Amino acid sequence: CPRHTIVNPMIGKRLSHFRILDKLGIRWDSLESFFLDKSAFSSPRFNRLKQEAKQLLEQRISLECDWGFKDPRVARLLSFWLPLIDALELPVKFIIAIRDPAEVAGSLAGRNQAPHLKSLYLWLYYNLDLLVSTQGRSRCLVDYNQLLAQPQLVISSMRSEEHTSE
């Protein structure tokens, strides 16, 4: 795996964040059910998804390279992923790409016809959920646009600087 590569974290269409949200009975754009804790995923109906997720993590570990999720829904589902990551004792660093909320609202309006105010609430809830879920863990905040424009520079900068957990 080449250095600084972001690999697709999904196993085809089998394991997706949409399937996990569906099991919860919520949609990605719902303003309900934020700040989930691991008890939300304790039902046996999640066992198969957890097994698939564990296999995914083990598969990515075997690549022996850095990899990551590039999916905003991860923010909402960290309580699903963190117990699996912790059980495998994976070293993890959260790279949180912060995007201008007005840009997000514009994107959601264009792609999903989402109302502007709802999009701003979604941006707020997703980001708060992510920050709460990663509190006390190693994390780094980066500018979304800079990451897209100059990914190698941003990644190199993160590697060269000391980023500590809060």
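Index from 1, following the sequence. In this text, all values refer to a predicted model and were calculated from it rather than measured experimentally. We use all heavy atoms of the structure for the numbers below, so side chains are in, but hydrogens, waters and symmetry mates are not.
Between Val74 and Leu130, the closest side-chain pair of non-hydrogen atoms is not below 4.5 Å. Contact of the Val142 side chain with the Ile98 side chain is not registered, since no non-hydrogen atoms from C-beta on lie closer than 4.5 Å. Contact check for Phe80 versus Lys38: no side-chain heavy atoms found under the 4.5 Å cut-off. Using a 4.5 Å cut-off on side-chain heavy atoms (C-beta onward), Trp81 and Leu56 make contact. At a threshold of 4.5 Å between non-hydrogen side-chain atoms, the residues Lys54 and Lys50 do not count as touching. A 4.5 Å side-chain heavy-atom check between Pro151 and Val154 finds every atom pair outside the cut-off. Residues Tyr144 and Asp100 have side chains not in contact (no heavy-atom distance under 4.5 Å, counting atoms from C-beta outward). Residues Leu24 and Phe41 are in side-chain contact: their nearest non-hydrogen atoms beyond the backbone lie under 4.5 Å apart.
To the nearest 0.5 Å, atom CG of residue Leu31 and atom NZ of residue Lys118 are 5.5 Å apart. Once rounded to the nearest 0.5 Å, the distance linking CG of Asp37 with CG of Leu78 reads 13.0 Å. The structure places CG of Leu108 at 8.5 Å from CG of Asp29, a figure rounded to the nearest 0.5 Å. Atom CZ of Arg139 is separated from atom CD1 of Ile96 by 5.5 Å, given to the nearest 0.5 angstrom.
A cation-pi contact, defined as under 6.0 Å to the ring centre and within 45° of the axis, links Arg76 to Phe34.
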Stepwise side chain to side chain contact (heavy atoms under 4.5 Å, CB included) check, Leu57 with Leu84: CA-CA 8 Å; Leu57 292 172; Leu84 299 169; 3.9 Å; yes

Stepwise side chain to side chain contact (heavy atoms under 4.5 Å, CB included) test for Lys23 and Ile20: CA-CA 5 Å; Lys23 288 270 189 218; Ile20 300 168; 5.8 Å; no

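A single hydrophobic cluster is seen to contain both Tyr126 and Val132, as judged by linkage of ILVMFWY side chains at heavy-atom distances under 4.5 Å, directly or through other members.
With a 6.0 Å radius and a threshold of 12 heavy atoms from other residues, nucleotides or ligands, Tyr121 has its OH atom at or below the threshold.
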